[in-house]
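A quick write-up on the structure given underneath.
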Amino acid sequence: MEHVNDSAATGDMPAYQIRTPTTTLPQGVVMAASPGTLHSPQQMAEEATRKRELRLLKNREAARECRRKKKEYVKCLENRVAVLENQNKTLIEELKALKDLYCHKAE
DNA sequence: CGCCGATATCGTCAAATTAT
DNA sequence: ATAATTTGACGATATCGGCG
């Protein structure tokens, strides 16, 4: 499983911010759109990267939310464990007390 | 102090799951 | 069937505590 990682241009900065093919074009020859269609190749490319960035943004937020929910879930479970441990402890004490009571009565 | 390992957090991708 | 959402896995980066 290899990853697509091409951020050679600008050393730092997260990769997801700098993937914009539109700005990669040799500046100069641009905007020669055919009059019939308002979908020049650059417009198509722009649209594509716009969509991609939107998708990445959404998934970034989805991942955050997912992790938040998972943490909360784990906390709930841990809390439940604590409660059950306490219940168990008091039940054991109760049982012990009842046993004592019973065997003293038997004499 | 700088270096290291352990741990936590993040963004991304891909696959699984759910909604339309 | 496919669009949308959710989640597990991975790699990159940040943070922290101990050691020399």
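Model, not experiment: these values are computed from the prediction. Only heavy atoms go into these numbers, but all of them, side chains included; no hydrogens, no water, no symmetry mates. Here is the naming used below: chain letters follow the sequence lines, and residue numbers restart at 1 for every chain.
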Rounded to whole Å, please give me the gap between [atom1] in [X] and [atom2] in [N].
X: A:Arg64; N: B:dC10; atom1: CZ; atom2: C1'; result: 8 Å
X: A:Lys70; N: C:dT5; atom1: NZ; atom2: P; result: 21 Å
X: A:Leu57; N: C:dA4; atom1: CG; atom2: P; result: 16 Å
X: A:Arg60; N: C:dT5; atom1: CZ; atom2: C1'; result: 17 Å
X: A:Lys69; N: C:dT7; atom1: NZ; atom2: C1'; result: 9 Å
X: A:Glu61; N: C:dT5; atom1: CD; atom2: P; result: 12 Å
X: A:Leu54; N: C:dA4; atom1: CG; atom2: P; result: 11 Å
X: A:Glu65; N: C:dT7; atom1: CD; atom2: P; result: 9 Å

Any idea which of C:dA9, B:dT9, B:dC13 is nearest the A:Arg67 side chain? C:dA9
Minimum-distance nucleotide (side-chain atoms of A:Ala62 versus B:dC13, B:dG11, C:dT7): C:dT7
Taking only side-chain nitrogens and oxygens of A:Lys71, does any of them come within less than 4.0 Å of OP1 or OP2 of B:dT9? yes
Please check if atom CZ in A:Arg68 has more than 12 non-hydrogen atoms from other residues, nucleotides or ligands closer than 6.0 Å. yes
Flag side-chain contact, heavy atom, 4.5 Å: A:Asn88 against A:Ile92: yes
Any ion pair linking A:Glu61 and A:Arg64 (charged N to carboxylate O, less than 4.0 Å)? no
Got a salt bridge between A:Glu72 and A:Lys75, using NZ or NE/NH1/NH2 to carboxylate O under 4.0 Å? no
